[in-house]
Undergrad: 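Attaching a single structure in structure tokens format; questions to follow.
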There are 2 protein chains.
Amino acid sequence: MAGDVRGEDKKREIVRQAFDRFYDGGFHATGVDAVLSESGISKRTLYKYFPTKDDLIEAVLEFYGQFIVGKLFDPVAASNEEPRQQIMAIFDARKAMIDENPTRGCLGIKAAQEFVGKHAGLAAHGKHAALYVERRFVDLCERAGLARPAEVGKQINVLFQGALLLSQVYGDGSPFVSAKHAVAALLEADDEPTPSDRQ
Amino acid sequence: MAGDVRGEDKKREIVRQAFDRFYDGGFHATGVDAVLSESGISKRTLYKYFPTKDDLIEAVLEFYGQFIVGKLFDPVAASNEEPRQQIMAIFDARKAMIDENPTRGCLGIKAAQEFVGKHAGLAAHGKHAALYVERRFVDLCERAGLARPAEVGKQINVLFQGALLLSQVYGDGSPFVSAKHAVAALLEADDEPTPSDRQ
DNA sequence: AAGCATGTAAACAGATCGGTTTACTTCGCC
DNA sequence: GGCGAAGTAAACCGATCTGTTTACATGCTT
């Protein structure tokens, strides 16, 4: 139906606007009025589609998840390069996004930080997002034929999240350079049969 | 003067209470009323010592910095163990703190996330804290006689911050285990003269 | 042209925000 | 014993918060 399509379009537009505002201003610090002002959307329409602010935040977090998968992970996966190259490419691509917008870290992490211990549903989005990223890295480590893909994948995820966080705090993507070097070293170390067999 | 001492004591008590509230509730989401209720402190006294909420937050962040240095870094440094052991001990000690209080990550990072782009002074605390930690790791890498202490120290810091963040998001300290393994691998890799000269 | 869904604009309500003020208590000191 | 510093308790202020309501414009369908 045409009506549904228009409604869904409006919904997406609201989420889009809210996405930018929450990303830059934080969830608690950004009121719904701030989301609406200069957006051409009326409050009534907002509350028609999202009965509470939390519902809107949830939709924004879902949008962010799709956004990051579509912009970061899927393109790299579609490149059909070597698994190791793909891991490096993910770090490069995320660094490029940070360089473009230095204050925008991970929105899921932001939500987790703001809602942990007080809104389980919203905090869970951050956890889910981090676990998804970890799984993608573990998959790539398996395909790369590493000796301990699960362990190294987790380590790479720690580096990824740490670099993302520090980039936001520092205001530039330089931590991704360090992280990438560390990833290279870890990948190389796990190629050999018994890497830590000395005490 | 006795009056000053009592005043300073009160000030510390206020900061202590605010520390717990902000740590668990976030800076924006926790009102000053929430800090005061059930604390036996009156609003007037609070605003006598801290003219604005931001001043209070600043004091809390300074307190957090001293707290973490005194509880984490200084004891490890005083142990006089091998530099490598000290690096590992820092990860162990931070993990122990997380296991005790899983939802409490790094307060400086929390502040940076909430105030980046909207309150430079407060956001700078997170940056300063992260740089301090990085410097401690670089120092230890130098004392360990690594080939590239600055680079490896930065990498270890990325692992540290990533593990801290993921621990908070996951709700347990397991990422520190992965991070520690990665640190061990990185330290070992940088021991050899030409680490990427695989034969 | 009538009807209806969809939208904007804006006043409004109750709660809570950061912050001020008034009034009263308590404690140490000369 | 009185006085002032330092404290609590609580009413109060204007602004802002989430969310509701009223009123009006617009455009599609039949």
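Hydrogens, waters and symmetry mates are skipped; everything else that's a heavy atom, side chains included, is used. All chains are named by letter (A, B, ...) in the order of the sequence lines, taking the proteins before the strands, and each is independently numbered beginning at 1. Remember, predicted model here, so these are calculated numbers, not experimental data.
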Undergrad: What side chain to side chain donor-acceptor pair (under 3.5 Å) pairs are there with at least one residue in residues 67-80 of chain A, not counting sequence neighbours?
TA: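 Non-adjacent pairs meeting side chain to side chain donor-acceptor pair (under 3.5 Å): zero.
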
Undergrad: When the distance from OH of B/Y49 to P of C/dG19 is rounded to whole Å, what number comes out?
TA: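 Checked: the OH to P distance equals 18 Å.
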
Undergrad: Below 4.0 angstrom, N of the basic side chain to O of the carboxylate: do B/E151 and B/K154 qualify?
TA: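 Here B/E151 does not pair with B/K154 in a salt bridge, since their nearest N and O are not under 4.0 Å apart.
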
Undergrad: Taking atom types as they are modelled, is there a donor-acceptor pair under 3.5 Å from the base of C/dT6 to the side chain of A/R44?
TA: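 In this structure, the two groups form no donor-acceptor pair.
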
Undergrad: Separation of B/K53 atom NZ from C/dT16 atom C1', in whole Å?
TA: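 Rounded to whole Å, this separation is 11 Å.
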
Undergrad: Please report the distance, rounded to the nearest Å, between CZ in A/F50 and C1' in D/dT20.
TA: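 The answer, rounded to whole Å, is 18 Å.
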
Undergrad: Rounded to the nearest angstrom, tell me the gap between atom CG in B/D54 and atom C1' in C/dC17.
TA: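 Between C1' of C/dC17 and CG of B/D54: 13 Å.
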
Undergrad: Does any residue of residues 32-41 of chain A have a heavy atom under 4.0 Å from DNA chain D, and if so, which ones, in number order?
TA: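 Listed by number, they are A/V32, A/D33.
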
Undergrad: Can you find a donor-acceptor pair, distance only, under 3.5 Å between B/K10 side chain and D/dG7 base?
TA: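 Counting by modelled atom types and ignoring angles, no donor-acceptor contact under 3.5 Å is found here.
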
Undergrad: Rounding to a whole Å, what distance do you find between B/Y47:OH and D/dA11:P?
TA: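 Rounding to the nearest Å, OH of B/Y47 and P of D/dA11 are 18 Å apart.
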
Undergrad: In this structure, how many angstroms lie between the P atom of D/dT18 and the NZ atom of A/K43, rounded?
TA: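 Rounding to the nearest Å, NZ of A/K43 and P of D/dT18 are 8 Å apart.
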
Undergrad: So, the side chain of B/Q86 versus the backbone of B/E81: is there a donor-acceptor pair under 3.5 Å, distance only?
TA: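 Yes: the side chain of B/Q86 pairs with the backbone of B/E81.
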
Undergrad: Show me the side-chain donor-acceptor pairs of residues 35-43 of chain A shorter than 3.5 Å, one per line, residues at least two apart or across chains.
TA:
unit_1 : atom_1 : unit_2 : atom_2 : d
A/S39  : OG     : A/L36  : O      : 2.5
A/S39  : OG     : A/I41  : N      : 3.2
A/S42  : OG     : A/T45  : N      : 3.3
A/S42  : OG     : A/T45  : OG1    : 3.1
A/K43  : NZ     : A/D33  : OD1    : 3.1

Undergrad: Would you be so kind as to tabulate the donor-acceptor pairs closer than 3.5 Å made by side chains of residues 121-134 of chain B, with sequence neighbours excluded?
TA:
unit_1 : atom_1 : unit_2 : atom_2 : d
B/H125 : NE2    : B/E58  : OE2    : 3.3
B/Y132 : OH     : B/R136 : NH1    : 2.5
B/E134 : OE1    : A/Y170 : OH     : 3.1

Undergrad: Compute whether any side-chain donor of one residue and acceptor of the other, for A/Q155 and B/H181, lie under 3.5 angstrom apart.
TA: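 No.
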
Undergrad: Under 4.0 Å from OP1 or OP2 of C/dT6: is there any side-chain N or O of A/T45 that close?
TA: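 Checking C/dT6 against A/T45, no side-chain N or O comes under 4.0 Å of OP1 or OP2.
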
Undergrad: Between atom NZ in A/K11 and atom C1' in C/dG7, what is the gap in whole Å?
TA: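 Taking atom C1' of C/dG7 as the reference, NZ of A/K11 is at 17 Å.
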
Undergrad: Look at the side chain of A/Y23 and the backbone N and O of A/G105, then say whether any donor-acceptor pair between them is shorter than 3.5 Å.
TA: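 Yes, because the side chain of A/Y23 sits within donor-acceptor range (under 3.5 Å) of the backbone of A/G105.
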
Undergrad: With a 4.0 Å cut-off on heavy atoms, is B/K48 in touch with a base, just the backbone sugar-phosphate, or nothing at all?
TA: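 Contact class for B/K48: sugar-phosphate only.
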
Undergrad: Keeping the roles fixed (side chain from B/K53, backbone from B/F27), state whether a donor-acceptor pair exists under 3.5 Å.
TA: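 A pair under 3.5 Å: yes.
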
Undergrad: If I take atom CZ in residue B/F27 and atom C1' in nucleotide C/dC17, what distance separates them, rounded to the nearest angstrom?
TA: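 Taking CZ of B/F27 and C1' of C/dC17, I get 17 Å after rounding.
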
Undergrad: For B/K118, enumerate each residue passing the side-chain contact (heavy atoms from CB on, under 4.5 Å) test, keeping only those at least two apart in sequence or located in another chain.
TA: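 Scan of B/K118 (side-chain contact (heavy atoms from CB on, under 4.5 Å), adjacent residues dropped) gives A/A29, B/H28.
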
Undergrad: Scan residues 15-23 of chain A against DNA chain D and write down, sorted by residue number, each residue with any heavy atom closer than 4.0 Å; if none is found, say none.
TA: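 Within this stretch, nothing sits under 4.0 Å of the strand.
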
